[in-house]
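See structure below.
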Protein chains: 2
Amino acid sequence: MQTIEQPKSLTEQTYDILLNAICSGEFEPGERLNQDEIAASLKVSRQPVNSAISLLKANGFVEDTGRRGVVASPISPEQFLSIYEFRSAVEPFAIRLAHERKPADAAQEAEMMLKRGWEAVRSNDPHQQIAVDFEFHEMIYTWAGNDTIQTTMRTNWHHIRRSMAVVVRGVVSADTSWTEHSRVIEALMQGDVERAEDEMKAHIDRATAKAVARLLEVNAAPSEVP
Amino acid sequence: MQTIEQPKSLTEQTYDILLNAICSGEFEPGERLNQDEIAASLKVSRQPVNSAISLLKANGFVEDTGRRGVVASPISPEQFLSIYEFRSAVEPFAIRLAHERKPADAAQEAEMMLKRGWEAVRSNDPHQQIAVDFEFHEMIYTWAGNDTIQTTMRTNWHHIRRSMAVVVRGVVSADTSWTEHSRVIEALMQGDVERAEDEMKAHIDRATAKAVARLLEVNAAPSEVP
DNA sequence: ATTAAAAATTTCGTATACGAAATATGTGTT
DNA sequence: AACACATATTTCGTATACGAAATTTTTAAT
């Protein structure tokens with residue numbers, strides 16, 4: 001399943017840079033992406049920029065407007081919710097698989113991860129918190145040994161990250177999140193799959209609830225008129 | 001969530017054509033994709049071909065070889081299994097959502113779909129059977145009203161289709177499949193979610209078992225020596 | 001006849017060029 | 001001033017061009 005490690009092409013590098021720019025909010029939802037400007041600022045030709053934009057479009061990070069060019073996709077609460085809903089089924093399933101397949105040193109790995117999680121909480125850096133949060137869940141996916149889960153969730157995560165960065169501006173109560181992560185790991189290490197699944201389900205549901213609350217809060221706030 | 005309908009660009013058209021060529025087995029696993037040849041045969045320049053290949057790479061249908069260019073990805077039983085495993089969690093979940101959200105005319109729609117399914121079985125055309133099978137499941141995803149499920153599954157389905165066409169060569173006992181589909185719908189229409197979920201789970205598990213059996217059968221057959 | 005090195009060819013990634021459609025600017029009319 | 005229409009400019013998608021790396025073919029040496 002692993003591909004040969006190639007030095008990244010300009011197209012891929014451009015994709016990574018643009019994806020990050022979109023997810024971090026440098027491009028606001030609805031903002032147009034000008035190929036010439038991007039090419040100039042990255043000091044590449046328009047060719048890799050154009051290709052990268054096709055990739056972004058395929059993954060839903062930009063979209064056509066019916067006019068010229070593309071814009072960073074508007075963030076829809078619907079999409080955000082659909083991802084969380086999706087996770088509420090997939091994450092507990094990943095736990096079940098992880099229970100069956102986790103490696104011998106899973107406990108140590110988990111301990112280190114939880115430590116890093118709490119460090120991130122203390123750091124008060126939202127970007128750091130979002131990053132480590134994903135690493136925690138990715139660790140579970142890896143234990144689950146199912147490549148489809150891993151690939152699928154990685155793309156979804158970028159969408160979540162974007163919503164967090166752009167709409168919610170910051171992570172949603174990272175401290176309670178890591179308490180919940182700990183509970184999941186505890187149950188999993190004790191071999192109690194049912195409880196581990198339930199804890200994960202509860203974790204996702206609580207995260208959803210909080211995220212939705214923030215979303216409504218932000219949407220309720222009056223937006224400036226141009 | 002729906003994007004504005006644009007007349008498809010050459011890049012997108014090329015992507016669709018190549019994806020289909022790969023999934024139908026016109027390009028065998030491991031076979032190289034020559035950009036010049038493809039461009040010439042489609043009567044376009046190499047530019048859209050190059051872009052399309054980037055898209056295929058991102059979705060795992062072709063991969064780098066460490067040498068020049070890309071090849072149609074080898075089909076790994078692992079990937080095939082990982083998709084089925086994934087489905088065994090997602091499909092029952094889609095049923096649960098569909099139960100809550102299916103439209104008023106779901107019953108009629110289902111009836112027509114089942115009818116088409118049986119027609120496909122009678123037709124004895126594997127391509128037709130694979131296509132209608134997907135349509136059935138896609139109908140459920142649509143009822144489920146979760147765009148992430150729909151998008152994710154569409155890509156996965158191409159991978160499944162490819163395995164079917166290239167490795168398994170034909171659909172796996174389509175007739176029992178539609179008996180199972182009928183059972184799912186019956187339970188769903190009676191409002192018995194639990195049973196509908198179980199039937200769907202059983203359906204996927206049986207499909208997996210059959211596909212795996214075919215896979216082993218094919219792999220066991222001695223391959224010709226060059 | 002093998003093998004090694006050199007030269008020629010292929011083929012990719014990326015840059016540049018071009019035409020068309022979309023958008024912006026200007027000009028004239030009322 | 002407000003609008004209609006013409007003209008200029010921008011910007012995209014795609015074609016073509018170019019340089020470099022990979023691959024094949026040729027040539028030369030043992």
Side-chain angles (χ1 to χ4, degrees), chain A residues 3-22 26-74 226, chain B residues 3-22 26-74 226:
Chain A
T3 37
I4 289 92
E5 209 50 65
Q6 294 281 112
K8 281 197 176 177
S9 67
L10 284 187
T11 297
E12 286 166 308
Q13 289 179 42
T14 304
Y15 175 79
D16 289 343
I17 290 169
L18 289 180
L19 177 60
N20 191 60
I22 290 170
E26 268 169 75
F27 287 102
E28 286 177 44
E31 186 178 344
R32 229 177 104 197
L33 276 73
N34 182 313
Q35 300 190 351
D36 280 324
E37 278 176 27
I38 293 167
S41 76
L42 299 181
K43 303 205 198 312
V44 298
S45 78
R46 260 186 49 239
Q47 152 77 11
V49 175
N50 189 284
S51 280
I53 286 178
S54 292
L55 286 168
L56 291 168
K57 191 155 62 176
N59 287 329
F61 294 101
V62 302
E63 54 186 59
D64 284 323
T65 55
R67 300 171 181 282
R68 198 159 45 183
V70 298
V71 294
S73 300
Chain B
T3 36
I4 288 93
E5 210 47 71
Q6 294 282 112
K8 281 198 176 177
S9 67
L10 285 187
T11 297
E12 287 167 308
Q13 289 179 42
T14 304
Y15 174 80
D16 289 343
I17 290 169
L18 289 180
L19 177 60
N20 191 59
I22 290 170
E26 268 169 74
F27 288 102
E28 285 178 44
E31 187 178 344
R32 210 156 127 217
L33 277 73
N34 182 312
Q35 299 191 350
D36 280 324
E37 279 176 25
I38 294 166
S41 77
L42 298 180
K43 303 208 198 310
V44 298
S45 77
R46 260 185 49 237
Q47 152 77 9
V49 175
N50 189 284
S51 281
I53 286 178
S54 293
L55 286 167
L56 291 168
K57 192 155 60 176
N59 287 330
F61 293 102
V62 302
E63 54 186 58
D64 285 323
T65 54
R67 302 173 179 279
R68 195 158 50 181
V70 299
V71 295
S73 300

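Quick note on labels: first sequence line is chain A, next is B, and so on, each numbered from 1. Please read all numbers here as calculations on a predicted model, not as lab measurements. All heavy atoms count here, side chains included; hydrogens, waters and symmetry mates do not.
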Separation of [N] [atom2] from [X] [atom1] (nearest whole Å):
X: A:N34; N: D:dG13; atom1: CG; atom2: P; value: 11 Å
X: A:L10; N: C:dC12; atom1: CG; atom2: C1'; value: 13 Å
X: B:R32; N: D:dA22; atom1: CZ; atom2: P; value: 12 Å
X: B:E12; N: D:dT14; atom1: CD; atom2: C1'; value: 14 Å
X: B:E63; N: C:dC12; atom1: CD; atom2: P; value: 16 Å
X: B:E37; N: C:dC12; atom1: CD; atom2: P; value: 9 Å
X: A:D36; N: C:dA22; atom1: CG; atom2: P; value: 18 Å
X: B:Y15; N: D:dG13; atom1: OH; atom2: P; value: 18 Å

Q | Over all atoms of both residues, closest heavy-atom pair of B:R32 and B:R68 | A | NE-O, 3.3 Å
Q. What pair of heavy atoms forms the shortest contact from B:T11 to B:A52, and how long is it?
A. O-CB, 3.8 Å
Would you give the length of the straight line joining atom [atom1] of [X] to atom [atom2] of [Y], rounded to the nearest 0.5 angstrom?
X: A:N59; Y: A:S54; atom1: CG; atom2: OG; result: 11.0 Å
X: A:L19; Y: A:I22; atom1: CG; atom2: CD1; result: 6.5 Å
X: A:R46; Y: A:S51; atom1: CZ; atom2: OG; result: 11.0 Å
X: B:F27; Y: B:L56; atom1: CZ; atom2: CG; result: 9.5 Å
X: B:L18; Y: B:I53; atom1: CG; atom2: CD1; result: 6.5 Å

Q. With no angle test and no hydrogens, is the base of D:dT10 tied to the side chain of A:R68 by a donor-acceptor pair under 3.5 Å?
A. yes
Q: With DNA chain D as reference, determine whether B:K43 or A:G69 sits nearer its 5' end, using the nearest nucleotide of each.
A: A:G69
Which nucleotide wins on minimum distance to the side chain of [X], given the candidates [options]?
X: A:S45; options: C:dT16, D:dT14, C:dG13; value: C:dT16
X: B:N50; options: D:dA22, C:dA22, C:dG13; value: C:dG13
X: B:R67; options: D:dA15, D:dT14, D:dA22; value: D:dA22
X: B:Q47; options: D:dA17, D:dT23, D:dT14; value: D:dT14
X: A:R46; options: C:dT14, D:dA15, D:dC12; value: D:dC12

(Q) Let's test your reading of the pairing rules: Watson-Crick or G-U wobble, both distances under 3.5 Å, then write DNA chain C as a dot-bracket string with ( ), [ ], | and dots. (A) ||||||||||||||||||||||||||||||
Q: May I ask you to verify if any side-chain N or O of A:T11 is less than 4.0 angstrom from the OP1 or OP2 atom of C:dG13?
A: no
Q. Can you tell me if A:Q35 uses its side chain to pair, donor with acceptor, with the backbone of A:V49 under 3.5 Å?
A. no
Q.
What contact category does B:Q35 fall into here, base, sugar-phosphate, or nothing, at under 4.0 angstrom with non-hydrogen atoms?
A. sugar-phosphate
Q) What nucleic acid atoms does A:L33 come within less than 4.0 Å of, heavy atoms only: base, sugar-phosphate, or nothing? A) sugar-phosphate
